[in-house]
There are 2 protein chains.
Amino acid sequence: MVGIADVARHAGVSTATVSRALSGAHNVSPATRLRVEASAAQLGYVVSSTASSLASGRMKNIGVVVPFLNRWFFASVVEGAQQALQRHGYDLTLYNLTGGLEARRSVFEHFLLRQRVDAVIAVSLELTEHEVARLHALDKPLVGVGGPLAGVPTLTVDDLAVARLATEHLIALGHTRIAHIGGDKAFDLDFNLPTNRRFGYEAALAAAGIEARREDYRPADFTTAGGYQAAKQLLGRPHERPTAIFAASDEMAIGSMLAARDLGLVVPRDVSVIGVDDHEQAAFFGLSTVAQFPRQQGEKAVEVLMEELRPHPEPRTGLNINMPFELIVRASTARPPE
Amino acid sequence: MVGIADVARHAGVSTATVSRALSGAHNVSPATRLRVEASAAQLGYVVSSTASSLASGRMKNIGVVVPFLNRWFFASVVEGAQQALQRHGYDLTLYNLTGGLEARRSVFEHFLLRQRVDAVIAVSLELTEHEVARLHALDKPLVGVGGPLAGVPTLTVDDLAVARLATEHLIALGHTRIAHIGGDKAFDLDFNLPTNRRFGYEAALAAAGIEARREDYRPADFTTAGGYQAAKQLLGRPHERPTAIFAASDEMAIGSMLAARDLGLVVPRDVSVIGVDDHEQAAFFGLSTVAQFPRQQGEKAVEVLMEELRPHPEPRTGLNINMPFELIVRASTARPPE
DNA sequence: CCGATCACTGCAAGCGTTTGCAGGATGATC
DNA sequence: GATCATCCTGCAAACGCTTGCAGTGATCGG
């Protein structure tokens with residue numbers, strides 16, 4: 001192993017100077033810096049992060065906690081965060097809560113506490129007060145993505161507005177009988193997201209003077225299969241059939257389109273469908289949707305964190321940052337049948 | 001911060017003993033161990049991983065490198081690995097190569113070298129000799145998932161056999177005109193996987209005395225959309241139409257099913273479709289497929305690594321481990337039309 | 001021309017564990 | 001009862017960096 005001492009010797013300076021030169025401190029003469037950098041490069045020296053961390057207290061490492069990885073949304077957030085971190089020279093260590101309560105406990109009682117991360121990004125996670133406290137105790141910055149977290153800076157899309165936008169799009173097309181496939185109550189990993197989207201949907205209807213019928217709402221589990229089932233039920237009643245469906249996720253929306261087809265209905269002639277996410281398959285299915293941009297959310301979370309990590313000049317700033325979303329109209333929505 | 005010294009004082013022993021007791025060394029009396037553990041728990045002590053790493057040279061951390069995260073297969077492998085690692089008390093730090101060559105270089109020339117990981121798992125990555133050498137130089141164990149890697153223990157499914165199995169299934173049903181949607185040549189992130197699957201397909205045909213027609217092969221990009229396009233072409237010729245399609249991935253197979261429908265064909269009456277992966281959507285679409293088990297691959301990779309990490313009694317063992325796969329017959333395959 | 005200021009650089013004390021070595025008990029052996 | 005192995009435990013030296021502090025010339029203002 002080539003250590004800092006080797007570089008120091010090779011460059012004819014002290015290890016202190018090497019350290020400073022390589023970490024970009026300002027109090028090193030340009031000539032020395034150049035010499036040191038050359039030596040380091042020549043010897044293939046890379047600073048030992050453990051030693052550096054121990055001495056400095058900085059880990060150059062961020063913990064990212066996700067409920068699971070296996071879904072497009074989460075994977076995209078993580079991917080975005082990873083790339084942003086890499087640009088900043090940070091590592092990303094991944095904590096996954098798929099393992100159940102046991103795993104969750106061990107993450108919060110153990111893994112996150114062993115001084116390995118400078119900060120934590122929690123994605124779509126409803127943290128308990130105790131968990132937040134645990135992290136605050138270390139005073140490691142914590143930022144959330146997706147859903148307000150008490151006392152924690154968080155990036156969210158305004159789910160209410162998203163749902164309203166989608167619903168208004170259908171209303172503007174002339175639909176008056178609009179069904180909604182929302183989140184299952186049990187599926188509460190994501191905050192009150194399902195609830196918020198439902199509220200947005202109802203708000204839009206109300207604003208247009210349309211009554212929200214109870215039988216036009218179906219909960220599902222955010223999967224294609226779940227959306228399919230729900231849509232089958234919604235569209236199965238020939239006379240009482242809604243002319244449009246707003247699904248709280250693209251996966252469910254795609255399921256709905258397939259259900260419609262299987263019922264002999266043509267989208268969008270007989271029924272319009274709109275989702276949320278702009279899932280990678282949405283374009284393929286010609287699905288209208290309200291896009292959110294998970295990669296960007298990951299990147300933005302990192303930015304916020306980097307700011308938070310900077311030697312605090314002022315106390316921390318705004319606690320809640322709204323992320324953009326955008327209506328994308330494709331082929332799955334149109335005027336209702338006459 | 002509560003350090004090891006606090007625990008030592010509280011338990012009335014030396015820090016050395018605390019360290020040994022907590023790390024499960026065998027030379028601590030049961031009574032002492034209990035006392036130490038109690039003190040540690042009471043004080044909420046968690047060992048500082050940096051200090052521990054610096055002193056011991058063990059990081060309790062594994063680097064996992066993936067080409068991208070955004071695909072079901074990779075996300076699943078990572079998820080499996082993550083959970084297995086967590087059980088072993090290891091962290092997982094994630095390196096993503098989506099960022100292009102620049103990112104790739106920085107990962108291999110910098111991130112992996114700074115003594116932060118004990119070992120590396122490379123998923124579906126074709127490493128250059130130089131990259132492998134770089135890692136070997138640190139003599140960090142390295143295991144690959146998916147595709148043989150020169151001189152590196154690797155977990156693979158036998159792609160040739162997988163393809164043969166799928167094709168044989170179609171042949172056994174009576175099909176003689178079987179098309180194949182394979183991997184695009186440009187899409188070479190995954191080893192020669194596309195090529196191997198094609199060979200398996202051709203081998204099965206040959207073994208059954210069926211000639212493989214060039215026009216029955218179409219390359220695509222492993223997406224649903226790509227599969228859709230390819231299938232449209234394959235099925236677009238009324239007379240020359242194949243009665244079955246073997247797609248090299250479930251995404252492409254699903255695209256094929258949708259293409260068939262749009263052409264007015266009924267699956268499996270008019271055309272059978274089979275894929276590879278057992279993607280999470282496969283069951284929903286009733287897609288027959290050859291399953292591989294990415295989560296398990298991730299877990300197994302960790303096991304192999306843990307073995308490799310154990311103080312080498314013997315030189316390393318077998319270099320290539322074959323992972324299981326399995327034919328799953330659903331509704332998308334049947335006898336060909338009369 | 002002198003003291004003050006400034007820009008660099010080196011010295012050495014940590015950072016919080018782990019672990020080889022040695023010492024003290026205790027028990028086993030003859 | 002002496003000898004020796006065995007089992008625990010403590011001492012203190014690493015581990016490889018960072019950084020406060022002090023020291024050295026050089027530069028500058030008066």
(request) Please examine the side chains of Val7(A) and His10(A), heavy atoms only from C-beta on, and report whether any two atoms are closer than 4.5 Å. (result) no
(message) Any heavy-atom pair between the side chains of Val117(B) and Met59(B) that's under 4.5 Å?
(response) no
When all nucleic acid strands are considered with a 4.0 Å heavy-atom cut-off, which category describes [X]: base, sugar-phosphate, or nothing?
| X | value |
| --- | --- |
| Thr32(A) | sugar-phosphate |
| Ser23(B) | nothing |
| Arg58(B) | sugar-phosphate |

(request) Using a strict 4.0 Å threshold on nitrogen-to-oxygen distance, state whether Arg134(A) and Glu131(A) make a salt bridge. (result) no
Would you kindly give the [atom1]-to-[atom2] distance between [X] and [N], to the nearest whole Å?
| X | N | atom1 | atom2 | value |
| --- | --- | --- | --- | --- |
| Asn27(B) | dC8(D) | CG | P | 8 Å |
| His26(B) | dC8(D) | NE2 | P | 9 Å |
| Tyr45(A) | dG16(D) | OH | C1' | 7 Å |
| Arg116(B) | dC17(D) | CZ | C1' | 14 Å |
| Leu54(A) | dC15(D) | CG | P | 14 Å |
| Met59(A) | dC15(C) | CE | C1' | 10 Å |
| Ile4(A) | dG16(D) | CD1 | P | 12 Å |
| Gln115(B) | dC15(D) | CD | P | 13 Å |

Of the listed nucleotides ([options]), which one gets closest to any side-chain atom of [X]?
| X | options | value |
| --- | --- | --- |
| Arg20(A) | dC21(D), dT9(D), dT17(C) | dC21(D) |
| Ala16(A) | dG16(C), dT9(D), dA12(C) | dA12(C) |
| Ser52(A) | dT17(C), dG16(D), dT18(D) | dT18(D) |

(request) Count the heavy atoms of every other residue, nucleotide or ligand shown that sit under 6.0 Å from NE2 of His110(B), and state whether that count exceeds 12. (result) no
(message) Take a 6.0 Å sphere around NZ of Lys300(A) and say whether it holds more than 12 heavy atoms from other residues, nucleotides or ligands.
(response) no
(request) May I ask you to verify if any side-chain N or O of Ser48(B) is less than 4.0 angstrom from the OP1 or OP2 atom of dT17(C)? (result) no
(message) Go nucleotide by nucleotide along DNA chain D from the 5' end; which of Ser14(B) and Gly3(A) gets its closest nucleotide reached first?
(response) Ser14(B)
(message) Nearest heavy atom decides the nucleotide; on that basis, is Gly12(A) or Ala51(A) closer to the 5' end of DNA chain C?
(response) Gly12(A)
